[in-house]
Enquirer: 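Next up is a structure, given as structure tokens.
Letters go in sequence order (proteins before strands), and every chain restarts at 1.
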Amino acid sequence: MIDFLQVVVDAASLGSLYALLALAIGLLFGIMRLVNFAQGDYITLGAYALILPSGDAVATMLVGSWPWPAMVLTVVVVCVIAALLTERLVFRPLRRADSETLLIASFAVSFLIQNVVLVVYGGRPKSAGILDGLTESVTLFGNLRVAGVELVTLAAVAVLSVGLVLFLQYTSLGVQMRAVAEDFRMAQLLGVRGNRVVAIAFGISGLIGGITSVLIVAQTGVLDYRMGVLVIVYAFFATVVGGMGSLIGAALGGFVIGSLSVFLQAYLPVDMRPFRDAFLFTIVIAILLLRPQGLIVPRGARERV
Amino acid sequence: MSMLGKSRVFAATICLLTFGLAAAGAEDKPPIKIGFASAQSGFMAAYDIPSTNAALLAIEQLNEKGGLLGRKIEPVLRDMKTDAALSAKVGAELAADGVDLIVTTSDYDLGGPAALAAKEKGVIAFAPGAADPKMGVQGVGWQTFTANGAAQVEGIIMAEWAFKKKGFKTAYVLQDDLLEYNKSGCAGFRAAWTKLAGEQGIVGRDNFMNSDPSIAVQISRIKSTKPAPDAIYMCTLPPGGASAVRQIRAAGIQTPILANVGMTDDYWISATPDLSNFYNPTMMSIFGDDPSPKVQEFAAAYTKKYGTRVPQAYASVGYLVIQAWSTAVKRAGTTDAKAVVAELEKFKDEDLLLGPTTFNPELHIQTHRPLLVMEVQDGKHHSVERYRNEMIPDMDLLFRVGKYQ
């Protein structure tokens with residue numbers, strides 16, 4: 001029997017990863033009603049920057065062999081550039097389009113990035129062991145075990161979610177961002193440089209993507225051209241469960257989804273565990289039936305729908 | 001010139017003429033065409049290109065010896081782009097072009113449609129790496145074969161080898177639910193392990209999804225298993241398999257890990273650079289230390305032709321496809337599908353590249369061919385020995401029905 005407290009620790013660690021992913025999705029949705037599925041692919045691009053572009057089976061390290069501060073910074077920069085480019089080339093021209101069009105456009109960007117990675121690096125998964133020391137487990141309170149990278153993820157979620165909330169609440173740029181979120185045209189008329197503000201929001205989502213990218217590769221040690229898409233789906237559900245448009249809601253949703261997944265894995269009978277995700281999404285549907293608006297409703301979203 | 005001299009010149013002229021005519025006849029004969037409905041792009045390309053290259057090497061070697069039945073062999077390559085619908089289309093086009101054999105992509109799900117299209121025209125389809133017996137009589141049809149062994153055998157070989165040669169008595173089974181291939185590997189392992197070590201020999205079972213970013217809770221369960229297992233068996237493949245190995249070792253679990261062919265080769269090893277006590281079965285060693293001289297010869301020829309080491313163990317089954325089919329064609333004296341299938345089904349421990357190969361009217365997949373056990377110590381792969389399974393999977397196990405569901 002697994003120690004219950006250990007399961008709680010495992011739940012928090014997976015939850016923190018989903019929370020981090022959900023923060024980026026939640027931020028862009030809050031500001032421009034865009035569910036950006038390409039967010040996962042920024043993570044993929046950042047991860048692939050670690051190795052030399054080549055179709056060879058055995059990957060050769062590029063950025064991955066640099067000292068860690070330079071490596072983390074470069075991966076983050078790659079993700080930020082990817083986010084800014086997609087904003088400038090795809091989402092800015094579609095500014096007046098409805099959210100369905102934006103959603104489809106984000107799928108297109110996602111598909112494009114995956115195929116570029118496929119062409120440049122080939123379809124075989126690659127491996128890149130980075131920050132090996134960070135992956136090692138540490139022991140807490142005598143017998144609870146947690147991987148170092150999971151503690152860092154938890155810290156990153158705490159810093160980023162609190163930081164973002166404070167940024168939106170108390171800085172001039174944050175206030176402008178919220179104004180743009182309320183009414184893009186009106187904000188522009190009042191002198192807010194809307195395009196710049198939206199670009200900054202994309203930049204922040206790229207920053208979060210870069211940090212997530214490093215943490216995922218440190219945890220798993222592997223790269224795959226679909227690596228971002230496979231996790232971003234969970235982040236999307238986390239954002240919906242938490243409340244679309246609320247940052248704290250998105251982070252909370254991430255913890256809910258991650259914890260549910262871990263608890264189901266821990267306590268379902270062995271023959272039912274392969275259906276873990278079916279149970280998980282049934283519970284998600286049940287939560288949404290009870291609270292269609294999500295767990296936390298942002299003030300701005302109340303009169304919508 | 002004497003009379004004798006004249007007759008000699010005449011005889012020589014006749015000889016030359018006859019020889020010349022015969023040679024011209026071989027050149028004039030239409031070539032035998034082998035169609036490749038394999039992936040040259042998309043994610044399967046990484047797996048298909050090396051096995052297609054190995055098959056092309058086999059064709060080149062046959063052509064150097066005068067071809068097959070006095071006819072040259074001409075490969076026809078079509079890209080199925082890792083797409084099931086395109087697989088069917090490319091298969092149908094090749095069959096309509098009158099090819100004598102279609103080599104499909106390695107995977108059953110993606111290669112099946114091409115094989116089915118081949119069946120429509122009565123053309124033999126051969127998958128290099130499919131590990132599912134449905135790529136054969138019971139699935140696609142009478143003219144479909146795979147050069148690979150059944151996934152169950154991978155599990156059985158690992159179980160028997162670890163039990164007998166390493167003396168392990170208890171095992172923990174960790175199943176990756178991504179592919180049926182993985183589940184078949186674990187089913188084979190469980191069947192063989194319980195036969196050898198009894199029901200209590202399996203001290204724990206769990207599963208994960210290949211895309212899970214964290215298997216922390218699965219690791220917690222392994223850690224809380226009492227008594228601790230002698231070995232962990234994993235039926236998986238990268239990227240998820242490599243990620244799981246990294247996380248297990250990072251959590252301080254140094255228990256020997258046994259795996260399936262899905263974890264073959266070293267392209268994933270940098271996820272756990274100093275990995276030790278890891279064992280997996282495979283077709284061949286790509287590290288230059290394969291104990292089989294035949295495989296060594298194949299690897300050398302591959303390197304000579306393509307300038308690289310054999311990129312993956314799966315390349316060898318591409319070579320074996322051509323070897324098996326051409327052997328049957330020679331015996332049948334024709335490329336007619338029915339006659340060639342009849343010859344293939346007579347293969348009993350046929351001595352091919354990867355060892356004794358058998359087909360019969362019930363099974364077009366290997367259930368009793370040895371696999372090479374590989375060992376990883378300090379991040380380096382070494383070949384150990386070719387091991388042949390004692391337990392041969394029955395039909396229930398091969399199709400995972402009855403008690404093996």
Enquirer: Heavy atoms only: give me the nearest B/Val217-A/Asp10 pair and the separation to one decimal.
Expert: CA-OD2, 3.3 Å
Enquirer: Among B/Gly204, B/Ser220, B/Ser211, B/Pro311, which residue has the highest count of heavy-atom pairs closer than 4.5 Å to chain A?
Expert: B/Ser220
Enquirer: Does the Lys NZ or Arg CZ of A/Arg124 fall within the cation-pi geometry relative to B/Tyr267 - under 6.0 Å from the ring centre and within 45° of the axis?
Expert: yes
Enquirer: Do A/Ser127 and B/Ser270 have side-chain atoms, one donor and one acceptor, less than 3.5 Å apart?
Expert: yes
Enquirer: Could you have a look at B/Tyr47, B/Phe43, B/Trp268 and say which one has the most heavy-atom pairs with chain A under 4.5 angstrom?
Expert: B/Phe43
Enquirer: Pick one of side chain, backbone, both or neither for A/Asp3, based on which atoms fall under 4.5 Å of a heavy atom in chain B.
Expert: neither
Enquirer: Can you tell which of B/Gln218, B/Met44, B/Met209 has the highest number of heavy-atom pairs within less than 4.5 Å of chain A?
Expert: B/Gln218
Enquirer: Assess A/Arg276 against B/Phe208: is NZ or CZ under 6.0 Å from the centre of the six-membered ring, and within 45 degrees of the ring's axis?
Expert: no
Enquirer: Using non-hydrogen atoms and a 4.5 Å limit, figure out which bit of A/Ala147 sits close to chain B: side chain, backbone, both or neither.
Expert: neither
Enquirer: Measure distances from B/Asp206 to the heavy atoms of chain A and classify the residue's part below 4.5 Å as side chain, backbone, both or neither.
Expert: both
Enquirer: Check whether A/Val231 gets within reach of chain B through its side chain, its backbone, both or neither, counting any heavy atom under 4.5 Å.
Expert: side chain
Enquirer: For the atom pair CZ (A/Phe275) and CG (B/Asp177), what is the distance rounded to the nearest 0.5 Å?
Expert: 8.5 Å
Enquirer: Run through A/Asp224, A/Val222, A/Ile216, A/Val217 and flag the one making a side chain to side chain contact (heavy atoms under 4.5 Å, CB included) with B/Ser243.
Expert: A/Val222
Enquirer: Return the option, out of A/Glu136, A/Lys126, A/Gln6, with the maximum number of heavy-atom pairs under 4.5 Å with chain B.
Expert: A/Glu136
Enquirer: Between B/Ser214 and A/Leu14, which heavy-atom pair has the shortest distance, and what is it?
Expert: CB-CD1, 3.9 Å
Enquirer: Quick one: what part of B/Gln175 sits under 4.5 Å from any heavy atom of chain A, side chain, backbone, both or neither?
Expert: neither
Enquirer: Show the nearest heavy-atom pair for residues A/Ala218 and B/Arg246, with the distance to one decimal.
Expert: O-NH2, 2.8 Å
Enquirer: With the side chain counted from C-beta on, respond yes when A/Val149 and B/Gln247 share a heavy-atom pair under 4.5 Å apart, and no when they do not.
Expert: no
Enquirer: For B/Ile219 and A/Arg145: C-alpha separation, side-chain torsions, deciding distance, then whether side chain to side chain contact (heavy atoms under 4.5 Å, CB included) applies.
Expert: CA-CA 10 Å; B/Ile219 288 171; A/Arg145 175 194 45 79; 3.8 Å; yes
Enquirer: Relative to chain B, which of A/Val7, A/Asp277, A/Ile130, A/Leu223 shows the most heavy atom pairs under 4.5 Å?
Expert: A/Ile130
Enquirer: Distance only, no hydrogens: is a donor on one side chain within 3.5 Å (strictly under) of an acceptor on the other, for B/Asn207 and A/Gln265?
Expert: yes
Enquirer: Within a reach of under 6.0 Å around CD of B/Glu199, are more than 12 heavy atoms found that belong to other residues, nucleotides or ligands?
Expert: no
Enquirer: Select one option (side chain, backbone, both, neither) describing which atoms of B/Ala45 are under 4.5 Å from chain A's heavy atoms.
Expert: neither
Enquirer: Tell me, side chain or backbone of A/Phe263 under 4.5 Å from chain B's heavy atoms, or both, or neither?
Expert: neither
Enquirer: Looking only at heavy atoms, what is the nearest atom pair of B/Pro213 and A/Gln219, with distance?
Expert: O-CG, 3.2 Å
Enquirer: If you compare all heavy atoms of B/Ala251 against all heavy atoms of A/Ser137, which two are closest, and at what distance to 0.1 Å?
Expert: CA-OG, 3.2 Å
Enquirer: Given heavy-atom pairs under 4.5 angstrom as the criterion, report whether the side chain, backbone, both or neither of B/Pro273 touches chain A.
Expert: side chain
Enquirer: B/Lys183 versus chain A, heavy atoms under 4.5 Å apart: side chain, backbone, both or neither?
Expert: neither
Enquirer: Could you check whether atom NZ of B/Lys305 has more than 12 heavy atoms from other residues, nucleotides or ligands sitting under 6.0 Å from it?
Expert: yes
